[in-house]
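Reckoned from all heavy atoms, side chains included, excluding hydrogens, waters and symmetry mates.
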Amino acid sequence: MKKERILTLMISTLLVISSVSSVKTVEGGDYFFNLRILALGGQSNPDYGLFIMQQLREINVDSNIIVHSGWPNWLDCLSLIDDWDMAIISAGEISSPDMRAYYTENGSRNIFRLNSDIPYNNESEELQNLAVITTDLDVRWQLQLDWQNLFMDKLLPLLPLFAPREYEAVWTNTMGYEARWGIADSLPYMYYDGLHQGQQNLKQFNMAIPSWNGINPLSLYTKTEDLLVNLIFEPLLTFSPDLAPLKTGIIQDWTMVDDNHYLFELRDNIYWNPSYNVSQRNVSSLPLSSISEEDLLIGLKVEFSNGTNQKVTAKDAVFSLLAFSNPNITAKADEYSWLSNCYVDLVDDSKFHVLIDGDLSTPEKEVYVDFWTKIPVPLLPEFFLNSTNLEICKTSGGHEYVGLYPEILESIEWITYQTSAFGCGKYMLDYYAPNSIGVFQKSPYWFEIGAIDGAPQNLDFETINIHLLPDTSVVLDEFLDGNLDWVSLTTLPTQRKLMQADPRFDVQTHVVYLMNFIAFNLGRHVIGGGNNQVWLNEPGKTNCTKALAIRKAICYAIDRDEMNDELHDGEYLINNRPNPLVYSWVWPPIDVIYNLDLDRAWEWMEAAGYEKPYTPTPTPTPTLTSTIPVMTTINFPEVLVLFGFILIIFNQRKRKRKKNYD
């Protein structure tokens, strides 16, 4: 009987040892490799990073999240530093369907380190270059589709994340507001249907922004200052929210002379608002209409506007485009290198010509279809800002002209215009109290055509008050008290959901001109570098490199649905295209999509040479399975100790039984 017990215990122990020693698990920290992930502080980028770090551990990849704050030029910084593998980026300056600045070797935003040595990069650039010179929309649509699929399947320098939404609210007594079109384009259609809580004036509209640094459109300004610009200025060309050109604004028609030459026609009977000097005005000042003609600002050509003497003509359109393409005047000039020439029609001063060259490196004039998105510049008054100086200047595209000499920014007229800007828009700046309020008055000189439908419209609000309130909680309180009529709720999700259920408020949402994504540094070890040239031997994958396989595995391991559900309540749109979703009229839906699929992730990891750890279910053992702890590793000394422990217990029981027997 004793021998049988000993034999049973030893057999059970051997079974446990056998099952434990066959388990192959990865101990904590024993990962295939470690990635360095950068995230810009603010927004949701650091939170995305934490999710990504956990999700990549499912394919045995570890990572460190480095959060950076205080980088005003985030993309420029990424171009200058190399010690990162992945970066979580929100790019908000994508104002054109032309993405070559990001996705070509010499692009100014090529943070991915794309270059001609990486397989398929040359094919990618050829397709992009061909697409932007193809005027046939059906052919271009197919080219865009072919490029997207090639780019995301064979290069894969990024994983798109989401199409973020913005949320805005007005009181339900505010009629006609369309968040997709924005405040400026909605204003001609807006009016109050009665008073809301706390409201006292049906002819005023109150908003708040955090800061105000200036209103000269040629200067770099923030999105909030863009609101101010849109009140004062009209864009040369009207665009729909998805950036389709319309004939409802200052440009009312156009003709394509040939692929490189367009003739634009302006609407008639549009006049510049008066050139008021508002630099010394305040809340106690007399109405703008009381300013005498002698006190109006006089421009560089010794001319002024009283609201009826300066008509908008093609010379203003030409001047505005040349100004935005002049590197001496604005940092935006590189975006206008396609502008080969621009001039007023010799017969009709309401028409102007635009000549295009999409590639300055060739002697021929190359087509560039995406010039459309650069035409809607704020229209500037040529009679005031241009000069008679004969010094020859060049645009970023090499076109020569006179008037905008390099030192013009230092002239008293341009300096004054920074604080007393005027345009041909819906409202005129009345006064600005620093750190307090900016007040805009309805212009009696506006041409009264609505951008949304091109029909005659009138402005119901006499005054627009822009309050300066940097604290978002204060802004919300002011709105709820009825002191503000519009509020942004994008950064206030909890309050926004409460307001969506409140019948007093109309909460609207729209997708923004922004793309957030995970960028891969293709120059880094493991996910790029030399592995970009190591081809796989796996059947069916021989046209892919080791680095590409790892990038594919990473993309398949990332769960964007989880991030969207946890961080955005599932309200964001998941983007699969390497361009903003807002350009849906230009870009077709993509076929290559990286949804969460751990099986495919491991398939690509193993193709790259990283074997998936094998963890079978431990074999059950009689009676001892639930009492003996499972060990991940075991060696011969541990076996001897275990047997010794068993023998000691057996001998102790034997002596005890003998003692009791005696």
Side-chain angles (χ1 to χ4, degrees), residues 216-218 229-230 232-239 245-255 257 261-276 293 296-326 329 336 339-355 371-372 374-390 393 395 399-404 408 413-414 417 421-426 428 443-449 451 454 456:
N216 186 340
L218 291 166
V229 168
N230 291 337
I232 296 175
F233 297 88
E234 285 291 321
L236 180 56
L237 177 65
T238 299
F239 262 52
L246 303 176
K247 299 179 180 181
T248 58
I250 291 179
I251 290 179
Q252 67 174 1
D253 203 2
W254 55 81
T255 302
V257 180
H261 184 178
Y262 283 78
L263 175 63
F264 292 93
E265 180 182 351
L266 303 186
R267 194 177 299 276
D268 195 15
N269 293 322
I270 301 177
Y271 289 86
W272 291 98
N273 289 323
S275 51
Y276 292 129
E293 194 168 285
L296 294 173
L297 291 172
I298 298 176
L300 285 166
K301 297 173 73 174
V302 198
E303 296 183 34
F304 65 91
S305 172
N306 63 14
T308 59
N309 68 325
Q310 294 287 351
K311 189 176 179 180
V312 171
T313 66
K315 69 178 181 180
D316 299 302
V318 170
F319 173 78
S320 300
L321 288 173
L322 293 178
F324 274 90
S325 64
N326 187 327
I329 294 174
Y336 293 85
L339 188 62
S340 173
N341 199 352
C342 187
Y343 58 90
V344 177
D345 187 73
L346 297 178
V347 177
D348 190 342
D349 68 357
S350 70
K351 297 179 180 179
F352 67 99
H353 299 254
V354 170
L355 274 63
F371 79 93
W372 284 101
K374 303 303 178 184
I375 297 294
V377 298
L379 193 63
L380 301 172
E382 188 274 344
F383 74 89
F384 188 88
L385 292 175
N386 201 7
S387 76
T388 57
N389 191 298
L390 297 179
C393 294
T395 67
H399 174 57
E400 294 184 347
Y401 62 98
V402 298
L404 289 170
I408 200 169
E413 291 81 2
W414 278 69
Y417 192 75
F422 64 92
C424 59
K426 306 171 184 68
M428 305 175 295
S443 172
Y445 311 102
W446 182 58
F447 58 97
E448 297 186 339
I449 297 293

Going by the rule ring pair (Phe, Tyr, Trp, His ring centres under 6.0 Å), which residues pair with [X] if we only count those two or more places apart in sequence or in a different chain?
| X | value |
| --- | --- |
| His353 | His261, Tyr343 |
| Phe371 | Tyr262, Trp338 |
| Phe319 | none |
| Tyr271 | none |

Gap separating the [atom1] atom of [X] from the [atom2] atom of [Y], nearest 0.5 angstrom:
| X | Y | atom1 | atom2 | result |
| --- | --- | --- | --- | --- |
| Lys247 | Trp254 | NZ | CH2 | 5.0 Å |
| Thr238 | Ile251 | OG1 | CD1 | 8.5 Å |
| Ser325 | Leu404 | OG | CG | 8.5 Å |
| Leu263 | Leu355 | CG | CG | 10.5 Å |
| Ile270 | Glu234 | CD1 | CD | 8.0 Å |

Minimum heavy-atom distance Pro274-Leu296, with the two atoms named
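Taking Pro274 first and Leu296 second, the nearest heavy atoms are CB-CD2, 4.3 Å.
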Nearest atoms (heavy-atom pairs only) where Glu293 meets Asn306:
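Looking at all heavy atoms of both residues, the closest pair is OE1-ND2, 3.2 Å.
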Passing candidate, side chain to side chain contact (heavy atoms under 4.5 Å, CB included) with Cys424, options Val312, Leu380, Ile232
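The side chain to side chain contact (heavy atoms under 4.5 Å, CB included) with Cys424 is passed solely by Val312 among Val312, Leu380, Ile232.
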Ser443 and its side chain to side chain contact (heavy atoms under 4.5 Å, CB included) partner, picked from Glu448, Lys426, Met428:
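With Ser443 as partner, Glu448, Lys426, Met428 yield a single side chain to side chain contact (heavy atoms under 4.5 Å, CB included), made by Met428.
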Candidate pair Phe233 and Leu379, rule side-chain contact (heavy atoms from CB on, under 4.5 Å), full reasoning
CA-CA 6 Å; Phe233 297 88; Leu379 193 63; 5.9 Å; no
Holding to side-chain hydrogen bond (donor to acceptor under 3.5 Å, both in side chains), I want the full list of residues that pass it with Glu303, two or more places apart in sequence or in another chain.
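By the side-chain hydrogen bond (donor to acceptor under 3.5 Å, both in side chains) rule, Glu303 matches Gln310.
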Backbone N/O of [Y] and side chain of [X]: donor-acceptor pair under 3.5 Å:
| X | Y | result |
| --- | --- | --- |
| Tyr336 | Thr395 | no |
| Asp316 | Glu382 | yes |
| Ser305 | Asn273 | yes |

Summary of salt bridge (Lys or Arg N to Asp or Glu O under 4.0 Å) pairs that have at least one residue in residues 262-276, sequence neighbours excluded
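Residue pairs passing salt bridge (Lys or Arg N to Asp or Glu O under 4.0 Å), neighbours aside: Asp268-Lys311.
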Would you say [X] and [Y] make side-chain contact, with heavy atoms under 4.5 Å?
| X | Y | value |
| --- | --- | --- |
| Thr308 | Tyr445 | yes |
| Asn389 | Ile408 | no |
| Tyr417 | Ser275 | no |
| Phe239 | Ile375 | no |

Any chance you could lay out the side-chain contact (heavy atoms from CB on, under 4.5 Å) test for Ile250 and Leu237, step after step, and finish with the verdict?
CA-CA 6 Å; Ile250 291 179; Leu237 177 65; over 6 Å; no
Stepwise, does the side-chain contact (heavy atoms from CB on, under 4.5 Å) test hold for Leu339 with Phe324?
CA-CA 10 Å; Leu339 188 62; Phe324 274 90; over 6 Å; no
Parallel, tilted or perpendicular: which fits the ring planes of Phe422 and Trp272, with parallel below 30° and perpendicular above 60°?
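Phe422 vs Trp272 ring planes: perpendicular.
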Working note: Phe304 + Leu297, criterion side-chain contact (heavy atoms from CB on, under 4.5 Å); need CA distance, chi angles, decisive distance, verdict.
CA-CA 6 Å; Phe304 65 91; Leu297 291 172; over 6 Å; no
